[in-house]
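Below is one structure, written out as structure tokens, with a few remarks after it.
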Amino acid sequence: MPPEPTFAIEVNDLTVAYRDKPVLWDIDLEVPAGNLLAIVGPNGAGKSTLIKAILGLVRPAAGQVVVHGRPYSEQRRLVAYVPQRGSVDWDFPTSVLDVVMMGSYRAIGWFRRPGKRERQRAFDALAQVGMQDYAERQISQLSGGQQQRVFLARALVQNATLYLMDEPFQGVDAKTERAIVGVLRELRAAGKTVVVVHHDLETVPEYFDWVFLLNVRRIAVGPVAEVFTDENLRVTYGGRMPLLQRQGGTVAPAPAQAEWDPAI
Amino acid sequence: MQIVDLLSDYTLRTVAAGAATLGLASGSLGSFAVLRRQSLLGDAISHAALPGIALAFLLTGSKAPLVLIIGAALSGWIGALIVMRVVGTTRVKEDAALGIVLSVFFGIGLVLLTSIQKRPDASQAGLDRFLFGQAATLLQRDVVLIASLGAAALLVAGLFWKEFKLLTFDRDFGASLGLAMRALDALLTSVLVIAIVIGLQTVGVVLMAAMVVAPAAAARQWTDRLGVMVLLAGLFGALAGATGAVVSSLGQRIPTGPTIVLCLTVVVLGSLALAPNRGMVWSWLRERRNRRLLHTAVVLEELHDLALRHPGQEHGHSMAVLEAGHAGAHHELEALESRGWARRSSDGLWSITVAGIAEAQRRRDPSDGDEKD
């Protein structure tokens with residue numbers, strides 16, 4: 001008999017509502033450790049809300065979140081979060097290095113300032129995302145892609161085992177996209193689990209092992225090869241989805257994707 | 001000078017010290033409020049403090065500064081709390097909630113103040129100084145109180161420096177780290193409340209928000225580092241506070257709040273105009289320089305075109321030809337001449353030089369130093 005699979009994250013019966021309107025309805029999700037999982041679904045499907053509810057940033061109406069076998073509240077230090085870069089004011093008076101060091105604020109503890117060790121770890125994380133030359137930059141001078149890599153570096157500093165990323169590929173340049181994909185693969189190679197809210201259906205089979213199709217309810221979850229099918233995508237996106245074409249065994253959206261791609 | 005003689009040095013020093021201390025505290029702590037886009041919350045808190053002052057007097061019959069400050073802090077806090085509750089639980093947006101709390105509390109405060117002043121006994125005199133501030137009424141015990149409360153607030157900000165920074169920059173990330181962001185938010189708001197209520201006697205509830213917002217807004221112009229910004233804002237606050245308070249004490253019953261706000265206006269305007277990088281004067285100069293560079297390039301290009309269309313680069317052209325395509329071209333021609341790219345002949349005709357042709361061709365060739373990464 002095979003051993004019980006260890007789940008990096010288990011979500012049970014999670015429901016979130018804003019003023020009577022369900023944003024997430026009865027979500028169940030199990031992600032085996034060591035996978036890259038994409039959360040895919042149309043605008044308003046509750047993808048970001050799911051991440052925020054897992055992190056306790058949004059209060060769910062019902063449901064539990066279990067991380068590596070224990071309730072999330074006991075496992076916080078195992079979880080790193082990469083918010084949408086648009087969620088903060090980049091005109092804030094601080095430097096790139098300072099933002100990255102924020103990832104170590106909990107580990108440092110109360111009443112203490114980041115020291116040499118935290119600086120070194122922040123430098124290392126910046127190097128990992130190709131931003132080592134920008135450490136002393138004022139953050140308002142960064143491009144969108146650079147901002148995204150700074151946020152990624154801040155999460156790397158946490159040295160977590162589970163990473164939750166909200167739209168890291170949103171509107172970034174090709175160089176940043178390569179850097180992020182490189183980091184995702186390094187994380188997987190290190191046995192970590194990464195959950196990514198993702199918009200670009202075309203790159204799902206290339207970047208991810210697992211996919212979670214979501215539209216308020218759970219549509220499907222599983223390995224990309226099994227779950228990322230025409231039928232499931234049609235159910236997820238409803239009528240707003242043009243026909244998908246099968247290309248060499250993987251699914252690729254029709255060229256007219258600009259019509260429905262919410263990222264544009 | 002007679003007025004100066006009437007006031008002893010001791011009074012002036014007390015007034016200046018008190019106003020500088022509260023300016024230091026409210027200015028530096030106001031940086032967080034400004035960066036969190038809570039400038040108007042500061043205004044709501046200071047207005048909301050007025051009923052607390054009146055009630056504290058009605059309940060205790062005392063005008064001791066500590067009693068009044070506690071009353072002010074409590075009702076200011078309640079005002080801030082109501083704003084947050086209204087925004088969190090109803091569809092009323094933050095600006096509307098701030099407006100409602102500010103005017104309702106201020107209205108209640110005015111009603112209470114008026115009814116207190118109609119009382120027959122004389123003990124109520126002077127509470128109206130909390131409207132526009134009267135620095136001349138500061139006593140040494142007031143200054144000691146301002147300094148101790150201000151120091152306590154600054155100490156808290158120093159102890160929780162990195163947490164407050166994280167709260168201000170990225171609250172959700174802080175919460176994901178497991179830091180108690182809600183408690184930190186309450187703590188930072190309390191610190192802001194203290195920074196406001198210690199200034200009410202000197203500056204008054206109506207204009208105290210300026211003491212919180214203006215120094216920070218000015219300081220932001222000069223620096224891109226939070227620590228420097230907080231220090232500078234404290235410095236600006238202390239400077240404007242002391243200057244305004246002393247000026248108002250020199251006259252007879254000049255309200256201090258408006259005087260301090262005038263000093264702050266000078267600081268803010270000066271910073272908006274002169275600060276490097278962000279200052280308007282510098283960006284205007286930069287823009288002018290860029291425009292000049294661009295125009296110079298255009299005129300060089302035109303000279304080059306003219307030279308190509310005529311036999312020999314020596315062929316001169318009158319200024320009118322160049323002015324026709326480009327008004328004010330003589331400035332640019334002189335700039336080109338000074339760099340050796342254009343030449344004026346003795347009869348006033350302009351032509352391009354050999355070096356100028358080389359420069360024009362270098363600029364035209366996109367493969368030369370204009371590569372994209």
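In what follows, chains are A, B, ... by sequence order, proteins preceding strands, each numbered from 1. Excluded from the calculations below are hydrogen atoms, water molecules and symmetry mates; all remaining heavy atoms, backbone and side chain alike, are included.
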Quiz item: Hey, which of Val228(B), Asp172(B), Leu159(B), Thr223(B) has the most heavy atom pairs under 4.5 Å with chain A?
Solution: Asp172(B)
Quiz item: Under the 6.0 Å and 45° cation-pi test, does Arg218(A) pair with Phe212(A)?
Solution: no
Practice problem: Please state whether the side chain, the backbone, both or neither of Arg36(B) comes within less than 4.5 Å of a heavy atom of chain A. | Solution: neither
Quiz prompt | Candidate pair Tyr72(A) and Glu10(A), rule side-chain hydrogen bond (donor to acceptor under 3.5 Å, both in side chains), full reasoning | solution = CA-CA 10 Å; Tyr72(A) 165 70; Glu10(A) 296 165 65; over 6 Å; no
Quiz item: Tell me, side chain or backbone of Val82(A) under 4.5 Å from chain B's heavy atoms, or both, or neither?
Solution: neither
Quiz item: Quick one: of Arg76(A), Gln158(A), Lys52(A), Gln138(A), who has the most non-hydrogen atom pairs under 4.5 Å with chain B?
Solution: Gln138(A)
Quiz item: Can you tell me if Thr176(A) uses its side chain to pair, donor with acceptor, with the backbone of Val172(A) under 3.5 Å?
Solution: no
Quiz item: If you tally heavy-atom pairs under 4.5 Å against chain B, which of Phe111(A), Tyr105(A), Trp90(A) wins?
Solution: Tyr105(A)
Quiz item: Which residues in residues 146-158 of chain B have a heavy atom less than 4.5 Å from any heavy atom of chain A?
Solution: Gly158(B)
Quiz item: Is the side chain of Thr168(B) donor-acceptor paired with the backbone N or O of Phe164(B) at a distance under 3.5 Å, no angle test?
Solution: yes
Quiz item: Between Asp124(A) and Gln128(A), does a side-chain hydrogen bond (donor to acceptor under 3.5 Å, both in side chains) hold up when you go through it step by step?
Solution: CA-CA 6 Å; Asp124(A) 294 345; Gln128(A) 211 177 332; over 6 Å; no
Practice problem: Pick one of side chain, backbone, both or neither for Arg171(B), based on which atoms fall under 4.5 Å of a heavy atom in chain A. | Solution: neither
Quiz item: Is it the side chain or the backbone of Leu164(A) that comes within 4.5 Å of chain B heavy atoms, both, or neither?
Solution: neither
Quiz item: Do Asp224(B) and Arg220(B) pass the salt bridge (charged side-chain N to carboxylate O under 4.0 Å, His left out) test, and can you show the C-alpha distance, the side-chain angles, and the key distance before you say yes or no?
Solution: CA-CA 7 Å; Asp224(B) 279 331; Arg220(B) 182 68 188 91; 3.2 Å; yes
Exercise. Please state whether the side chain, the backbone, both or neither of Phe160(B) comes within less than 4.5 Å of a heavy atom of chain A.
Key: side chain
Quiz item: So, Arg85(A) side chain and Gln170(A) main chain: donor-acceptor pair closer than 3.5 Å or not?
Solution: yes
Quiz item: Considering the options His198(A), His199(A), Gln148(A), which one meets the side chain to side chain contact (heavy atoms under 4.5 Å, CB included) requirement together with Phe169(A)?
Solution: His198(A)
Quiz item: Which atoms of Asp91(A) come close to chain B, meaning under 4.5 Å heavy atom to heavy atom: side chain ones, backbone ones, both, or neither?
Solution: both
Quiz prompt | Salt-bridge criterion met for Arg37(B) and Asp89(A) (N-O under 4.0 Å) | solution = yes
Quiz item: Hey, is the main chain of Gln84(A) close enough, under 3.5 Å, to the side chain of Glu167(A) for a donor-acceptor pair?
Solution: no
Self-check item: Asn35(A) vs Thr193(A), side-chain hydrogen bond (donor to acceptor under 3.5 Å, both in side chains): CA-CA, chis, key distance, verdict
Solution: CA-CA 5 Å; Asn35(A) 280 299; Thr193(A) 313; over 6 Å; no
Practice problem: Between chain B and each of Lys175(A), Arg77(A), Met101(A), Arg112(A), count heavy-atom pairs under 4.5 Å; write down the option with the most. | Solution: Arg112(A)
